[in-house]
Each structure stands twice: as C-alpha cells, then as structure tokens.
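Chain identifiers are assigned alphabetically (A, B, ...) following the order of the sequence lines, protein sequences preceding nucleic acid strands; residue numbering begins at 1 within each chain.
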Number of protein chains: 2
Amino acid sequence: MNKKYSIKDIAELSGVSVATVSRVINNNGRFSEETRKKVLKVIKKTGYQTNFSAKNLRMNKSFSVGILVPDISNYFFANVVQKIEKILFNRGYSTFICNTARDENKELAYLKMLESKGVDGLIIISGAKAFDISKLNSPNKIPFVCIDRKPKDRSNTVFIGSDHYQGAFDATNSLFQAGCKFPIIASHNRSSSSAVDRLNGFKDALSKNGLDFDSSRNQIVITTNDSTNAIDLLLKENPQIDGFFAINDSIATNVLSSLLRLGKEIPKDIKIIGFDDEPQDIHSYPTLSSVKQDTDKIAQVTVDNIIGLIDHTAITGESITIPVKLIQRDSSL
Amino acid sequence: MNKKYSIKDIAELSGVSVATVSRVINNNGRFSEETRKKVLKVIKKTGYQTNFSAKNLRMNKSFSVGILVPDISNYFFANVVQKIEKILFNRGYSTFICNTARDENKELAYLKMLESKGVDGLIIISGAKAFDISKLNSPNKIPFVCIDRKPKDRSNTVFIGSDHYQGAFDATNSLFQAGCKFPIIASHNRSSSSAVDRLNGFKDALSKNGLDFDSSRNQIVITTNDSTNAIDLLLKENPQIDGFFAINDSIATNVLSSLLRLGKEIPKDIKIIGFDDEPQDIHSYPTLSSVKQDTDKIAQVTVDNIIGLIDHTAITGESITIPVKLIQRDSSL
DNA sequence: TTGTACGCGTTATCAT
DNA sequence: ATGATAACGCGTACAA
C-alpha cells in the first residue's frame with residue numbers, strides 16, 4: 001500500500017520547492033518546461049492527489065455544490081438531479097444531494113450544514129413555498145438557482161422551470177382534438193407553482209374550447225391509493241366526462257387503473273394524458289400519453305447558471321422557461 | 001448581512017482563547033460552567049458555524065461518505081440511497097451521491113475524486129462486477145461496504161444484500177400454490193449477483209415442484225421496450241406457460257402489458273409476480289404482486305457498518321443477508 | 001524561473 | 001480551568 005503524498009513530498013522528490021509544484025499543478029506563474037515534466041512525472045509515479053480540505057481552506061472555495069430535492073425517489077427529480085450531478089462532475093464540482101422530504105426544518109438543517117461545508121453554490125429543486133435563503137448566516141455569499149418551483153423573491157436567484165402552463169394547455173387541447181367533449185383535471189392536494197401553472201393551462205384550454213371551469217365538475221383531487229370509488233361517484237354525477245388530464249403520471253396511472261376497474265374502455269370511452277413521461281408509461285396498458293419535461297435542457301441550463309453565478313459571469317433575476325413536449329400514446333388516441 | 005465568524009472571533013467576543021472555545025464546542029477538556037455559557041451565548045448570537053475545511057484538514061477526517069450507485073432513477077436504488085443519506089445526516093455525516101451509470105471508468109473517476117475529497121468511508125451499491133478498491137492510492141485507508149452485488153473479495157469489506165434467492169423461491173412457489181403448472185422466469189440480459197441468486201431461487205422452486213429448468217422453455221430474456229412479439233412466439237411454442245416470475249417490476253409491467261395486448265386475462269390465464277415492489281405496482285391493472293426488499297433495514301445496517309468501520313468498532317469480512325417479503329396482489333391470485 | 005514565508009480555521013499538546 | 005502555539009496541506013505575495 002502506498003502512503004499518502006503531500007505537495008511537500010512531491011517537492012522533495014522532484015527537487016524543487018512546493019511553490020513550484022503548486023504552480024505546475026495549477027498552471028499558474030511561470031516555470032520551465034523541464035521542471036514541469038519533472039514534477040508531473042513524480043506526481044504520476046506517486047499518484048499524488050490534491051488535498052481538497054487544504055485547498056478549500058486556503059482558497060475559501062470548495063468546488064462543491066449542494067442540491068436540495070424534495071424526494072429523490074420521484075422520477076422527475078431523480079432524473080434531473082442525476083443529470084445535474086453528471087455535468088457538475090465533468091466540470092470539476094462534486095455534489096451534495098440532500099433529500100428534504102418536503103420538510104422545512106430539514107431544509108434549513110441541510111442549508112446550515114452545506115454552508116458549514118462551504119459549498120460554492122446551491123441548487124434548490126422545488127423548495128418550500130416560503131423558501132428563504134436569508135435564514136442563512138452568509139446570505140449574500142452563497143449563490144443559488146431554483147428549479148421547478150418559483151421562489152418568493154426572484155431578484156437574487158435564477159429560476160428555471162418547464163413550461164407547465166403550455167404543457168397542460170397542449171395536453172388538454174389535444175383531448176378536445178381527439179374528440180373529448182368534457183375533459184377534467186385530476187390533481188393532488190399539494191399546491192406548488194408548477195401545479196398552479198398546470199391548472200391554469202387546463203382552464204385556458206377549456207375556455208378556448210368553449211367550456212367554463214367548475215371545480216366541482218371539472219376537477220378531482222386524488223388523495224388515496226385507490227381512487228376507484230371517488231371516480232365512480234364523480235362519473236355517475238357527470239356521465240359526460242370523457243377525458244382526464246392528470247397532473248402527473250402517478251395520478252394518471254392511478255386514474256387509469258380505477259377506470260379499468262370500473263369497466264371503462266381506454267381510450268374509447270375515456271381518454272387520459274399524464275405529466276412527466278415516466279419510463280413505465282410505455283408499459284402500461286394501454287400505453288400512457290404524457291407531457292415530457294426536457295430534463296437534459298433543465299440540467300444543462302441549471303449548471304451553466306450556478307457556475308456562472310459562482311464565477312460572476314452570470315447575473316441573478318433571470319427566469320428561464322424550458323419548453324415541454326406532448327408525447328401521444330394509446331391512452332389519448 | 002452578517003459577516004462570517006471564525007473561532008477566533010468567538011474567542012475575542014467572549015473574552016477567552018480559541019482553545020477554550022474549541023473545547024466548549026467539542027465538549028473536550030475541562031472548562032467552567034460559566035465560560036461554557038458565555039461562549040455558547042456568543043456562538044448563538046453570531047450564528048457561528050464550524051468551518052469544516054479547517055476541521056477536516058486538522059483532523060484528517062471529513063465527516064462525509066461517498067455513495068456509488070449505478071442509476072439513481074431506478075426506484076430501488078433511489079429508495080435505499082435516500083434512506084442511507086438521511087440516517088447519515090442524522091449522525092453528522094454528509095453524503096456524496098455519485099451516479100456511475102454502470103460505467104467502470106466513471107466509477108474509478110468518482111473514486112479518485114472521493115479519495116481526494118477525503119471521504120471517511122465508501123458505500124458501493126451494485127458496483128462493477130470486478131469492483132476493485134485496490135485501484136485507489138490509499139487502499140487500506142478508506143473503509144467501504146458493498147450493497148446488493150457481491151464483491152470479488154469480501155474479506156476487506158462488509159457485504160449487505162437482500163435474500164434474493166429466497167424471494168425468487170417464494171414468489172415462484174406461490175405461483176405453483178396459486179395453481180400454475182408451468183411458470184417461467186422473465187429476466188434482463190445483465191448478470192449481477194442478485195440476478196443470479198434470483199434465477200437460482202426460481203430454478204430450485206421449479207425442481208421442488210417437480211419441474212426441470214430448461215432455459216429455452218422456462219426463461220425469456222426481455223431486451224426491448226415492447227416484448228409482445230417475443231412473448232407471443234414463446235407462448236405459441238409453449239402453450240402450457242401459465243405464470244411469469246419477473247426479475248424486476250419494470251420487466252413485470254413490460255410482460256403484463258404484452259400479455260394484455262395478446263388478449264390474455266391476468267391472473268386467470270397467466271399469473272405474474274415481479275420484484276422490488278415499486279409504488280406504481282398498486283396502480284397497474286390488475287395490481288402487481290411483487291417481492292419487497294426491506295430498504296429500511298438495508299439502509300440502517302449499511303450506515304451502522306460503515307460508521308462502525310470508520311470508528312473501528314466494526315470488522316470486515318461480514319456478509320449480511322436481509323429478508324424479503326412477498327406482496328401478493330391481484331396479478332398472482 | 002524559482003524559493004521563502006505566511007496565513008487560511010481548526011484541534012491538540014504543553015504550559016501555567 | 002485556561003492560554004499560547006504548533007501543525008494540518010495548500011496557494012501566493014514577495015524576494016531573489
């Protein structure tokens with residue numbers, strides 16, 4: 001087993017000073033090609049690696065960022081976090097991924113820890129409604145970007161989100177185009193800015209097609225794992241219902257299975273479109289239509305902006321909307 | 001905005017030396033109750049937080065661990081990682097979650113980075129078949145535990161895995177008990193120790209019920225998103241097939257939708273059981289039976305062991321098997 | 001082009 | 001019970 005080498009060891013082994021080694025490693029200052037080769041050779045031979053604790057301390061920079069995410073086992077979140085982490089790694093940053101479980105106290109605890117660890121930047125995914133960076137001690141010090149849920153004050157951050165409104169609008173509109181006369185929206189009981197946007201898109205698509213939104217007839221809130229009874233009731237009261245726009249794919253599959261259980265034929269009797277384009281959508285029967293968020297783009301834009309903020313090459317106050325795409329499958333044809 | 005306080009500032013503000021402040025913070029050495037109160041008061045007022053870069057440098061310990069995971073958007077992995085991260089955080093450790101995408105080069109790159117960042121321990125989830133910690137520079141220095149996939153050499157690590165064999169055996173056996181005469185296994189084309197264990201469990205359940213395993217008739221390897229044709233073919237050749245044990249839920253739903261597409265009735269004509277108990281199993285139609293891994297237990301045991309190894313209160317060489325549980329739903333009744 | 005010396009914030013050792 | 005100080009590994013201003 002090898003021992004752990006420090007920059008001092010490298011200096012001694014290559015017969016130069018630590019300053020020179022440092023310069024070679026970081027390509028700073030000037031040095032002869034000869035010493036460069038000599039030093040690099042020793043580094044290679046010894047397998048020397050930078051001690052980041054020392055470097056961080058000296059430079060007051062950690063080459064790491066923190067990501068706050070509500071639930072990493074949610075497909076959309078996992079997907080975008082994964083892509084962000086990959087891009088960050090390729091750009092020399094490592095990532096603390098923190099699962100807040102939608103708990104504001106946890107969020108704060110994580111933020112303090114991340115601040116203490118000296119992260120250079122923060123990525124907040126769908127944070128608490130009242131997300132407030134000012135709870136931290138060095139508020140103006142740590143730059144942060146927000147994804148998915150609009151923060152209260154957008155002036156000191158960059159906001160990146162999908163075009164939830166347009167996605168909902170397109171999905172609902174396509175239900176009409178496929179022949180639906182009375183589509184409704186199936187949602188959960190959490191209120192996030194994305195959920196609000198999706199609801200608005202649904203409403204506007206309704207009115208564009210000559211219908212007024214009535215929450216008692218055009219909306220169902222799914223709160224249980226088996227919503228068969230609730231849906232049965234609603235359908236009995238409103239037999240004209242012939243389409244569902246679900247606020248996410250989990251609710252869409254929930255609705256789908258309930259409808260099948262009630263003997264409905266999909267898409268003949270009732271059509272369904274979900275949101276997020278989860279992998280299993282192609283394995284449901286019938287296959288599930290869904291609105292796909294561009295997680296590649298979201299991740300790329302997020303990393304560009306957080307690193308930009310860290311390097312002072314980007315500015316806050318921006319609000320970036322990423323287009324979405326409706327994926328038509330059997331459930332809405 | 002507050003400035004950033006160092007231990008030196010706290011010392012000055014409370015009229016003691018930095019040494020005393022350090023002692024109070026870490027509850028080391030001895031100090032009067034009076035100074036303790038005084039110092040803590042200043043800390044509270046200033047919002048002082050430890051600078052971990054400095055602490056790490058001094059103590060040669062980072063209070064952080066790295067997790068290598070093949071694919072965080074896989075439900076099982078996301079779930080166990082999430083729980084591990086939570087427990088670690090509660091025990092004062094932060095976590096670098098690294099997505100290796102089943103790429104050995106990436107795995108190595110991550111390991112080097114983590115080593116450089118000075119992580120105190122490593123958690124390897126389902127790592128490369130040839131996972132070899134000796135590629136690192138300080139091999140004997142960083143303790144690690146392995147989850148899910150058995151490492152080549154188990155003597156210098158702790159291995160933690162579900163009882164895949166028993167899960168597969170129970171699932172297959174329950175198919176027989178539900179009336180199946182000729183169940184087959186649906187698998188993917190990756191070979192992992194867990195996949196091998198599950199296959200063996202399936203085989204043994206077969207022979208216990210008087211059948212010999214024949215890979216051309218008792219096994220189908222799913223490689224595409226739509227396996228309808230392949231399944232159709234196999235069913236035509238072997239009309240006696242009346243049950244599927246799928247190696248995971250993704251393949252199970254894939255098979256399920258194909259069978260429905262082929263006009264089969266589930267579970268009347270053919271019964272299905274999957275593996276991992278993913279959330280959407282209860283939203284498929286019919287609901288999907290599955291073998292549930294105890295991710296709570298896995299996470300807890302993992303953290304106990306890695307911290308144990310770090311603190312030298314645990315030893316390597318152990319192999320811990322976590323029981324699984326068959327969840328019966330409509331697809332196999 | 002290269003070397004010396006200092007400081008980053010913390011903990012630990014040795015005094016007092 | 002408390003204080004002074006060395007040491008951790010690194011980057012850099014300044015000197016040579």
Side-chain angles (χ1 to χ4, degrees), chain A residues 3-40 42-43 46-64 92 113 115-120 137-138 141, chain B residues 2-40 42-43 46-64 92 115-120 137-138 141:
Chain A
K3 55 163 284 186
K4 207 160 187 177
Y5 294 93
S6 79
I7 205 172
K8 206 171 167 185
D9 299 320
I10 306 303
E12 282 173 14
L13 287 172
S14 39
V16 298
S17 74
V18 288
T20 302
V21 175
S22 174
R23 280 189 281 256
V24 169
I25 289 173
N26 299 295
N27 250 321
N28 288 347
R30 279 232 237 281
F31 40 83
S32 72
E33 179 61 19
E34 192 185 5
T35 50
R36 199 186 72 94
K37 277 189 179 151
K38 202 167 48 181
V39 170
L40 286 183
V42 175
I43 287 181
T46 55
Y48 163 82
Q49 288 173 242
T50 307
N51 179 323
F52 271 94
S53 295
K55 183 169 186 160
N56 297 349
L57 177 60
R58 179 67 234 264
M59 302 188 62
N60 198 25
K61 180 166 167 143
S62 67
F63 303 96
S64 67
M113 182 273 284
E115 187 183 20
S116 200
K117 294 257 172 177
V119 294
D120 302 324
N137 292 319
S138 40
K141 293 280 294 293
Chain B
N2 314 319
K3 56 163 285 187
K4 206 159 188 177
Y5 294 93
S6 80
I7 205 172
K8 207 171 166 183
D9 299 321
I10 306 303
E12 282 174 14
L13 287 171
S14 38
V16 297
S17 73
V18 288
T20 302
V21 175
S22 175
R23 279 190 282 255
V24 169
I25 289 173
N26 299 294
N27 251 319
N28 288 347
R30 280 231 235 282
F31 41 83
S32 72
E33 179 61 19
E34 192 184 4
T35 50
R36 200 187 71 94
K37 277 191 179 150
K38 203 166 48 181
V39 169
L40 286 183
V42 174
I43 287 180
T46 54
Y48 163 82
Q49 287 174 237
T50 306
N51 179 323
F52 270 94
S53 295
K55 182 170 186 158
N56 298 349
L57 176 60
R58 176 61 226 234
M59 301 187 66
N60 197 26
K61 180 166 169 154
S62 67
F63 303 96
S64 67
E115 187 184 20
S116 198
K117 294 258 173 178
V119 294
D120 303 325
N137 292 320
S138 38
K141 293 280 294 293

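Atom CE of A:Met59 sits about 9.5 Å away from atom CG of A:Asp120, to the nearest 0.5 Å. Rounding to the nearest 0.5 angstrom, the gap separating the CZ atom in A:Phe31 from the CZ atom in A:Arg23 is 9.0 Å.
Distance CG (A:Asn27) to C1' (D:dG11): 14 Å, rounded to an integer number of Å. Following rounding to the nearest Å, A:Arg36 (CZ) and C:dT2 (P) show an atom-to-atom distance of 12 Å. Atom CD1 in B:Ile10 sits roughly 18 Å away from atom C1' in D:dG3 (whole-Å rounding). If you measure from atom NZ of B:Lys37 to atom C1' of D:dA1, you get 17 Å, rounded to the nearest angstrom. Whole-Å rounding puts the A:Lys4 NZ to D:dC8 P distance at 14 Å. In this structure, CD of B:Glu12 is placed 12 Å from P of D:dG3, rounded to the nearest angstrom. Note: CD (B:Glu34) to C1' (D:dT2) measures 13 Å, nearest angstrom.
A close approach under 4.0 Å does not occur between any side-chain nitrogen or oxygen of A:Thr35 and OP1 or OP2 of C:dT1.
At a threshold of 4.5 Å between non-hydrogen side-chain atoms, the residues B:Lys55 and B:Asn26 count as touching. Side-chain contact check for A:Val21 versus A:Ser17: every heavy-atom pair is 4.5 Å or farther apart. At least one side-chain heavy atom of B:Tyr48 sits under 4.5 Å from a side-chain heavy atom of B:Ile25. Between A:Asn28 and A:Ser22 there is no side-chain heavy-atom pair separated by less than 4.5 Å. With contacts defined as side-chain heavy-atom distances shorter than 4.5 Å, the pair A:Tyr5/A:Gln49 does not qualify. Residues A:Ile10 and A:Thr46 form a side-chain contact, since some pair of their non-hydrogen atoms from C-beta on lies under 4.5 Å apart.
Surrounding CD of B:Glu34 are at most 12 heavy atoms belonging to other residues, nucleotides or ligands under 6.0 Å away.
With the end axes of the helix from C:dT1-D:dA16 to C:dT16-D:dA1 each set by five pairs, the angle from one to the other reads 40° at 10° resolution.
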Subject >> nucleotides 7-16 of chain C: protein proximity per nucleotide (B base, S sugar-phosphate only, - neither; heavy atom, under 4.0 Å) >> reply: BBBBBB----
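Comparing B:Glu33 and A:Thr20 against DNA chain D, the residue whose closest nucleotide sits nearer the 5' end is B:Glu33.
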